[in-house]
Amino acid sequence: MLDTFIQMFSYSFMLRAVIVGVLVALCSALLGVTLVLKRYSMIGDGLSHVGFGALCLALAMNVAPLAISVPVVVIAAFLLLRISENSKIKGDAAIALISSTALALGIIVTSMTTGINSDVNGYMFGSILAMSTTDVYVSIILSAFVLVLYVVFYNKIFAVTFDENFARATGTKTGMYNTLVSLLTAITIVIGMRIMGAMLISSLIIFPALTSMRVCRSFKSVVVTSAIVSIICFFIGLFISFAFSMPAGASVVAVNAITFGIFSILGIAKRKLS
Amino acid sequence: MKLIDCQNVYMNYDSTKAVNGVSFSVDSGDFLCIVGENGTGKSTLLKGILGLQKVNSGTITFTGIVNKEIGYLPQKTAVQKDFPASVREVVLSGCQSRGFRLFYTSADRKKAQKNIELLGIDGIKNKPFNELSGGQQQRVLLARALCATDKLLLLDEPTTGLDPFVTAELYRIVDELNKKHGVAVVMVTHDLKNSVQYANKILCMEHDGDFFGTVDEYMKTPAARMIFGGGTNA
């Protein structure tokens, strides 16, 4: 097993996948706690579908994938948030509308140009081969941006998530922080979906938060635990994918699902004992 | 000293009229209860004072305080039911009204601890908020509100869902904050009995016109006589 482990790092594409994956796992876990608690879990799913559409477009236009998908997904994030705040259109229905439309557009563009080739398949279900060296640098910079902003605004994010009305009443610009969270989510999703795939990236946002909430009872411990759980699950998932030649994204999700089960049992045991 | 002066305030709830030309004022040291039937715009008016909702016409003037110096006890939200947060984290989050700071200062922590002790929740400060009883949760939210202010508390139906004993206890705590610590209180409530016992002013919002005045004046109104009986001519 150790041999396989060392072997895994001898491939430069694996090393790139590990670097980007760990950063994405960390960012998505942090943001996931807020999104899950605010009942915005589906926004992650919606954005990843929009991201898929944008990547297909980039492929058809033959331009760098991140250059197109980052701005498109960021704009979609703003739109989705506006719609969620507007009580006249129900948020979940609007997300379903936008995400399926984007998916459809992506497939139409693809069928008119390249057809469903391995690149498009990679966008759907993820590919560890997808990362170029430039992508790695861009990902590192964007992840650092997400992490720094999250730490800087940690207390504000807590206040706005826990009680938006109270936060607004005491002078916090809650709209700004909601926008910030959706902006950071958009960036994280675009980076992460290359490895995890458009269909699977939202699990990286939802699973770690829910897993840590089975056991932890304070906000800080939930945030820290979900970050750790997320990174470990990604690592194990990637290792399994390498050792048994399984798709990376699916393996990571499977490991996350098992961990969720284990934490659920731990949580029940903890409550029984106390 | 006058803290808030509302003149002829009109507000909408969704697109229907909710608050119809309400005028009242809050002085420092006041304990004002806002009572009235459902749908007469009590909570909407509170949101107008807090700047959470637009005031259509009329004026709300603050003197001696700025509006983010108000401690607010909102109605419970669905999010809080399964929100993982310790009591200490919730109380500390009240210390954010003075602009942007990266982390809480030691002064913030001291203030939070002081309010935790003041409300008698020191023993449960590391417990998760969502596992507390309704009365304990309201104490925690009161402590948080006090971190944001020491001048004026706005409470939106704080006794909803509490049993009579815990309700009485909450009134006693709010009364103590008012009388002993000089915090002015504005409370939206359905609990007329406790209102007339603890408050010094009543704002009664009804569909056919409002009443604003002292408790003694309120007890002389026909509406109050109907509820409390003619005998209690206080």
Side-chain angles (χ1 to χ4, degrees), chain A residues 32-41 85-88 148-178 180 208-226 263 267 270-271 274, chain B residues 14-15 43 46-53 66-105 108 125-132 140-141 144-145 147-149 152 154 156:
Chain A
V33 175
T34 306
L35 292 172
V36 166
L37 287 171
K38 293 199 83 155
R39 312 287 188 268
Y40 283 172
S41 311
E85 281 167 357
N86 183 350
S87 55
K88 295 218 171 60
V148 167
L149 283 180
Y150 193 88
V151 172
V152 165
F153 292 114
Y154 170 80
N155 285 326
K156 290 284 182 193
I157 289 174
F158 170 80
V160 173
T161 312
F162 182 72
D163 194 337
E164 196 161 335
N165 275 335
F166 179 85
R168 261 176 77 195
T170 48
T172 300
K173 296 196 171 39
T174 55
M176 194 185 100
Y177 291 99
N178 284 334
L180 178 74
L210 284 177
T211 299
S212 58
M213 275 176 221
R214 295 310 99 198
V215 174
C216 302
R217 288 285 175 268
S218 78
F219 190 72
K220 193 178 268 171
S221 63
V222 166
V223 169
V224 173
T225 311
S226 53
F263 270 64
K270 192 183 162 195
R271 231 160 298 162
S274 65
Chain B
D14 283 337
S15 48
S43 293
L46 220 54
K47 289 201 173 117
I49 298 171
L50 288 160
L52 300 179
Q53 209 173 307
V66 291
N67 71 339
K68 62 179 182 177
E69 270 184 308
I70 300 173
Y72 177 39
L73 190 81
Q75 291 186 21
K76 262 179 228 137
T77 63
V79 171
Q80 287 163 7
K81 238 180 262 166
D82 57 356
F83 198 103
S86 72
V87 167
R88 240 175 65 87
E89 285 178 313
V90 174
V91 175
L92 259 173
S93 73
C95 299
Q96 301 201 352
S97 53
R98 267 158 288 283
F100 176 74
R101 269 193 315 256
L102 209 51
F103 302 106
Y104 294 118
T105 62
D108 290 336
K125 68 176 171 189
N126 293 319
K127 284 239 164 95
F129 175 79
N130 59 358
E131 286 176 15
L132 303 179
V140 174
L141 296 182
R144 177 183 68 167
C147 284
T149 186
L152 177 63
L154 254 59
D156 196 354

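The analysis underlying the following values was restricted to heavy atoms, covering all of them including side chains, and did not include hydrogens, waters or symmetry mates. Lettering follows sequence order; numbering is per chain, from 1. These numbers come from a predicted model, not from an experiment.
- In this structure, chain A has heavy atoms under 4.5 Å from both the backbone and the side chain of B:Val90.
- Among the residues in residues 215-224 of chain A, those with a non-hydrogen atom closer than 4.5 angstrom to a non-hydrogen atom of chain B are A:Cys216, A:Arg217, A:Ser218, A:Phe219, A:Lys220, A:Val222.
- For B:Lys127, the salt bridge (charged side-chain N to carboxylate O under 4.0 Å, His left out) test picks out no residue, with sequence neighbours left out.
- Within the 4.5 angstrom heavy-atom criterion, atoms from both the backbone and the side chain of B:Arg144 approach chain A.
- The structure places OH of B:Tyr104 at 8.5 Å from OH of A:Tyr154, a figure rounded to the nearest 0.5 Å.
- The number of heavy atoms from other shown groups lying within 6.0 Å of NZ (A:Lys173) does not exceed 12.
- Taking both residues in full, the closest heavy atoms of A:Ala169 and B:Leu52 are given as N-CD2, 3.7 Å, listed atom of the first, atom of the second, then distance.
- Contact annotation for A:Ser212: neither backbone nor side-chain heavy atoms come within less than 4.5 Å of a heavy atom of chain B.
- For A:Arg271, the salt bridge (charged side-chain N to carboxylate O under 4.0 Å, His left out) criterion is met by no residue, not counting sequence neighbours.
- Aromatic ring pairs are classed by plane angle as parallel below 30°, tilted from 30° to 60° and perpendicular above 60°; the pair B:Tyr72 and A:Phe166 is parallel.
- From A:Met213, atom CE reaches atom CZ of B:Phe83 across 7.5 Å, with rounding to the nearest 0.5 Å.
- In this structure, B:Gln96 contributes its side chain and A:Asn155 its backbone to a donor-acceptor pair below 3.5 Å.
- Applying the side chain to side chain contact (heavy atoms under 4.5 Å, CB included) criterion to B:Lys76, with sequence neighbours excluded, gives B:Gln80, B:Gln137, B:Gln138.
- Between atom CG of residue A:Asp163 and atom CD of residue B:Gln75 there is a gap of 11.5 Å, rounded to the nearest 0.5 Å.
- The two residues B:Asp82 and A:Leu37 have their closest heavy-atom pair at O-CD2, 4.1 Å.
- Proximity of B:Lys47 to A:Asn165: side-chain heavy atoms (C-beta onward) are separated by under 4.5 Å at one or more points.
- Counting heavy atoms of neighbouring residues, nucleotides and ligands inside a 6.0 Å radius, atom CZ of A:Arg214 exceeds 12 of them.
- Of the two parts of B:Asn126, neither the backbone nor the side chain holds a non-hydrogen atom closer than 4.5 Å to a non-hydrogen atom of chain A.
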